Amino acid sequence: MQDTVTTSALLDPSHSSVSTQDKSSTGGHTSSTGPQPSKPSITPVSAKSRNPHPGANFHRMRRIIAEDPEWSLAIVPLLTELCIQHIIRNFQNNPILKQMLPEHQQKVLNHLSPDLPLAVTANLIDNENYWLRCCMQRWPVCHVAHHGGSWKRMFFERHLENLLKHFIPGTTDPAVILDLLPLCRNYVRRVHVDQFLPPVQLPAQLQPGDQSDSGSEGEMEEPTVDHYQLGDLVAGLSHLEELDLVYDVKDCGMNFEWNLFLFTYRDCHSLAAAIKACHTLKIFKLTRSKVDDDKARIIIRSLLDHPVLEELDLSHNLIGDRGARGAAKLLSHSRLRVLNLANNQVRAPGAQSLAHALAHNTNLISLNLRLNCIEDEGGQALAHALQTNKCLTTLHLGGNELSEPTATLLSQVLAINTTLTSINLSCNHIGLDGGKQLLEGMSDNKTLLEFDLRLSDVAQESEYLIGQALYANREAARQRALNPSHFMSTITANGPENSVG
Amino acid sequence: EALGEYLDGKKESEEDQSKSYKQKEESRLKLAKLLLCGTELVTNIQVAIDIREIHRRVEEEEIKRQRIEKLENEVKTSQDKFDEITSKWEEGKQKRIPQELWEMLNTQQLHCAGLLEDKNKLISELQQELKTKDDQYVKDLKKQSDDICLLLERMEEQVKNVMKTFREELYNIEKAFEVERQELLASNKKKWERALQAHNAKELEYLTNRMKKVEDYEKQLNRQRIWDCEEYNTIKIKLEQDVQILEQQLQQRKAIYQLNQEKLEYNLQVLKKRDEESTVIKSQQKRKINRLHDILNNLRSKYAKQIKQFQEENQSLTLDYKRLVLQFKELQKAMRHFALIDDEKFREIWLMNEEEAKDLIARAFDVDRIIHTHHLGLPWTAPDFWFLKNVGPISQQPQKSATQIVEEMLMHTEEEEAEEAASEPESYLDLPKQISEKTTKKILMLLCDESGFLIESKLLSLLLPLEQNECYLLRLDAIFSALGIESEDDLYKLVNFFLKYRAHRLSSSLQIKSCSQASMEKANMEETSMGSELELAEQTEMEGAKEESLVEGEKEEEEETPPSPWDIHPNDVLKILEAFVMGLKKPRDSRAPPRVQKNMCNNSKDSEYWQALTTVIPSSKQNLWDALYTALEKYHVVLTQRAKLLLENSSLEQQNTELQALLQQYLNSKINSELQVPPTQVLRIPTK
């Protein structure tokens with residue numbers, strides 16, 4: 001059967017025929033070429049000329065029959081073809097790829113099964129097409145753009161993520177992950193894990209604590225609920241750039257228990273050591289993990305003077321003023337470009353320390369303090385800092401209990417500052433007067449592209465006028481982008497795209 | 001400025017593609033607005049949730065504060081109560097009466113129960129609160145899911161909306177482009193049609209032209225055809241005749257062929273035999289060739305050997321030659337040296353001999369004089385011969401150079417001028433015959449003036465400050481060196497040449513009058529033959545110059561003055577010079593042989609000189625001398641006889657005296673006195 005498949009492919013060697021088509025063609029083929037095996041030795045060219053009964057065998061000798069699209073002459077397949085088939089079948093035991101000619105390599109890669117063990121394929125096959133098939137087989141939805149456009153990278157990153165998600169300390173063998181390490185170390189750049197399972201506990205302990213004293217019980221068992229220690233893994237991945245972690249349990253259903261969601265001190269210390277040792281890390285995200293001030297300070301201390309770190313995301317945690325102070329220290333001791341502290345418990349003192357660090361910072365581009373409570377004192381401090389800062393482009397102060405005094409200061413900043421492109425002041429109590437002052441500030445500004453003032457008690461008229469000014473700024477920015485001779489072109493061109501997206 | 005231009009360009013382009021550009025701009029603005037509104041709509045939910053969360057937080061905080069206050073109050077009151085109870089326990093210990101104790105215990109129990117009840121109440125309150133919170137949590141969850149649903153809905157709607165509007169806008173833009181394209185197409189089509197029409201019209205024109213031409217050509221073709229037919233017929237007849245003739249010739253040829261075939265067969269056989277012979281000869285020749293090859297090889301080897309030998313020989317010979325050349329040079333040097341010494345010696349010997357000869361001559365002359373004066377009694381005059389004045393060898397007398405002569409001449413003329421009219425124009429220089437000194441001078445002046453080009457410009461500048469005569473002298477010196485005039489003879493030749501040229505021209509011009517050209521040439525021939533060889537060589541040149549002079553001659557034919565340098569026209573000087581130089585070259589070339597001759601001639605002169613010296617006393621005088629000698633001889637004989645006689649006489653006298661003495665003696669003797677005879681008588685006897 002296989003031979004006939006390849007022969008049909010041989011008739012038209014420029015195309016590498018797909019297996020399903022071959023099967024269908026051979027299905028219909030067997031019936032029509034039933035008498036064929038009687039003359040297997042005669043080559044088609046000579047057969048055509050030497051045919052003793054041209055009338056009787058006319059059908060058999062024709063290359064094409066218009067009515068029968070599946071007609072083809074069965075020819076003995078080429079030796080190379082046979083060899084390739086054999087190599088494909090025995091690839092697991094004897095992987096031969098690099099020694100072959102490029103065209104044959106292509107053929108082999110097209111027919112290899114995606115179920116081959118990773119130990120064979122990981123470092124041998126670079127062909128994207130093969131890894132595309134692997135990915136498509138395992139996951140129905142694939143966003144290759146999230147993985148740098150590389151299917152191989154995507155396969156390994158998601159495979160690793162899967163293993164980490166379902167790792168249960170104590171029961172799962174850690175060798176499962178460590179064995180994968182030498183295979184994936186060159187391809188994984190990003191580790192995104194949104195679930196860490198705790199060690200398995202006896203069901204008997206779960207049921208009584210479920211009702212009343214869950215919190216106290218969790219504290220009692222704290223040493224036992226440590227999660228997987230990332231140290232070895234992170235140290236092994238030589239190209240790791242992004243670490244996106246959530247210490248959380250998904251789909252716990254009725255087995256809910258408070259201590260499922262604990263981010264213990266031991267976890268925190270091991271994570272801090274791991275990221276400190278990883279010098280390639282650019283982006284670090286630790287969200288929704290109940291990180292409080294102390295843990296935040298432990299992590300930030302390990303990140304001080306990190307060589308390449310650019311983005312730090314600690315949103316949706318429990319960080320207070322001390323943690324914010326630590327973050328402020330980090331700002332002046334690293335090259336951080338993006339800092340996200342959204343939905344934490346930062347108050348005025350924390351915001352003041354952040355503002356102090358921001359006043360002389362030249363790296364930070366984006367600062368997000370959404371859903372904190374920095375109030376007017378913190379807002380004013382930040383506004384003062386922005387008068388001297390020449391780097392920050394995006395500032396999010398939504399939901400921070402700000403009011404008119406901050407607005408007046410911000411309006412002065414707007415008139416001076418030429419780097420800010422996006423400000424968000426939604427969900428504050430700016431008030432009518434504050435809105436008017438902001439409008440005055442906007443009239444002198446030519447660079448701001450985004451200014452969110454929704455639900456902040458600003459008069460509709462001033463909001464509309466600010467919108468008009470923003471529109472004019474956007475048009476000017478677009479003109480600058482179209483005219484490449486302009487100095488600011490690249491920065492302003494990127495602005496609107498980001499804001500719209 | 002550049003920006004302005006850019007904007008202008010943009011405006012122009014806007015006008016150009018107004019429709020599509022406008023549509024694009026509109027669409028872009030619309031879409032941007034849509035996207036902005038859409039995102040706002042979607043983010044509105046987030047913002048709303050945010051603000052709700054903030055409100056919740058504020059409330060929560062308030063409630064929390066109240067709860068904590070309440071709990072604190074509760075703790076205080078319960079603590080008071082507990083303190084009361086504990087104090088009462090102390091009291092109870094003191095009570096001894098069971099009833100009292102029971103009572104107290106009851107009250108204590110009541111108090112405790114109250115306390116517990118309070119606590120329970122608080123707990124139940126808190127639990128109630130928790131329950132409400134749970135309810136609220138469930139509600140919140142529901143609300144959040146609702147929100148998420150709404151969000152999703154809105155997002156989907158937004159996506160749909162955006163897609164729809166994008167499609168619409170795309171459609172609009174496409175439509176605008178389509179319209180523009182249609183317009184463009186229409187305009188282009190019109191243009192195309194116009195061009196096509198023009199093209200068709202032209203095509204039609206060409207067609208009619210072509211038709212006309214075709215008709216023309218057809219007519220021409222017909223004419224041509226008829227003419228060709230006629231020609232064809234005539235040619236055919238002619239060719240048929242030719243064919244007949246050729247057939248006849250063919251027959252003849254065939255016959256000849258037959259004959260030739262037989263002849264050739266015979267020849268073939270002969271040749272075959274010859275071939276055989278030749279093969280034999282060939283083999284012989286081959287053998288011979290082989291032999292000769294061997295010989296050739298031998299000879300080659302020999303030849304190579306010889307070449308080597310000869311090369312060696314050649315080298316040795318060249319070495320010898322070099323050596324010999326060196327020797328020869330040395331020899332030459334020695335020769336020159338010896339020649340000088342010889343000259344010197346020759347001169348000295350000459351002088352010595354000359355002196356001797358002159359002494360002898362002087363003595364001869366003295367003798368002659370004595371003879372003349374003393375013996376002959378004739379007056380004697382010293383003979384005057386040229387060679388007597390000569391001192392030193394004649395052949396070594398130096399020749400004066402041309403310049404020296406000129407200098408002398410110039411000096412002389414100058415003196416002459418100073419003396420104005422010196423009566424005796426002594427021929428200071430033995431100038432050749434008819435040429436006067438003045439003439440020479442004038443010729444030279446002329447030459448000097450005319451041939452300034454021969455003098456170097458540098459020299460000219462140097463000459464400026466000098467005196468006139470010196471100036472002339474130096475100029476002439478330069479000119480002579482340029483012309484190659486070295487010796488006195490050359491100078492005179494030049495002067496002569498000038499004069500002859502002049503004379504010739506005059507004569508020729510005269511002869512034109514009288515006789516024909518041929519006779520003139522004859523005369524020329526005679527004239528030139530009279531002159532030196534030099535002139536013979538120049539004859540052709542002269543003839544060339546003569547023809548030119550014919551023209552000038554006519555002008556000067558009246559003048560019949562004797563040839564003087566004044567008559568030489570300055571223009572002719574160059575021609576004469578040229579002719580002279582051409583002529584001078586030839587004798588110069590053969591210079592060496594005459595020198596030897598000159599020596600020989602000098603030798604003859606020397607011998608002549610010496611011969612002359614021998615004949616200083618002429619033969620007549622010698623004859624005289626001979627005669628004188630014989631006479632004197634005779635005279636001598638007489639004298640000797642006389643002397644003898646005198647001697648005899650003296651002896652006789654002596655004898656006489658002796659005899660006298662004897663006589664005296666005798667006389668003096670007494671006998672003599674006795675015989676006394678007078679002496680006079682005795683003396684008289686010998687004299688007789």
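What you see is a predicted model; the values in this text were computed from it and never measured. Chain naming here is simple, since letters A, B, ... match the order of the sequence lines and numbering starts at 1 in each. In what follows, every heavy atom counts, from backbone to side chain, and hydrogens, waters and symmetry copies are set aside.
At a 4.5 Å heavy-atom cutoff, B:Leu130 makes no contact with chain A through either its backbone or its side chain. For B:Arg28, the part sitting under 4.5 Å from any heavy atom of chain A is the side chain, from C-beta outward, and nothing else. Interface remark: B:Glu40 contributes backbone and side-chain atoms alike to the contact with chain A (heavy atom separation under 4.5 Å).
Contact between B:Val47 and A:Leu455 at its shortest, heavy atoms only, is CG1-CD1, 3.4 Å.
The closest side-chain heavy-atom distance from A:Asn473 to A:Met442 is below 4.5 Å.
For A:Tyr471 and A:Tyr464, the gap between ring centers reaches or exceeds 6.0 Å.
Checked options B:Glu53, B:Glu59, B:Glu61; the residue passing with B:Arg57 is B:Glu53 (criterion: salt bridge (charged side-chain N to carboxylate O under 4.0 Å, His left out)).
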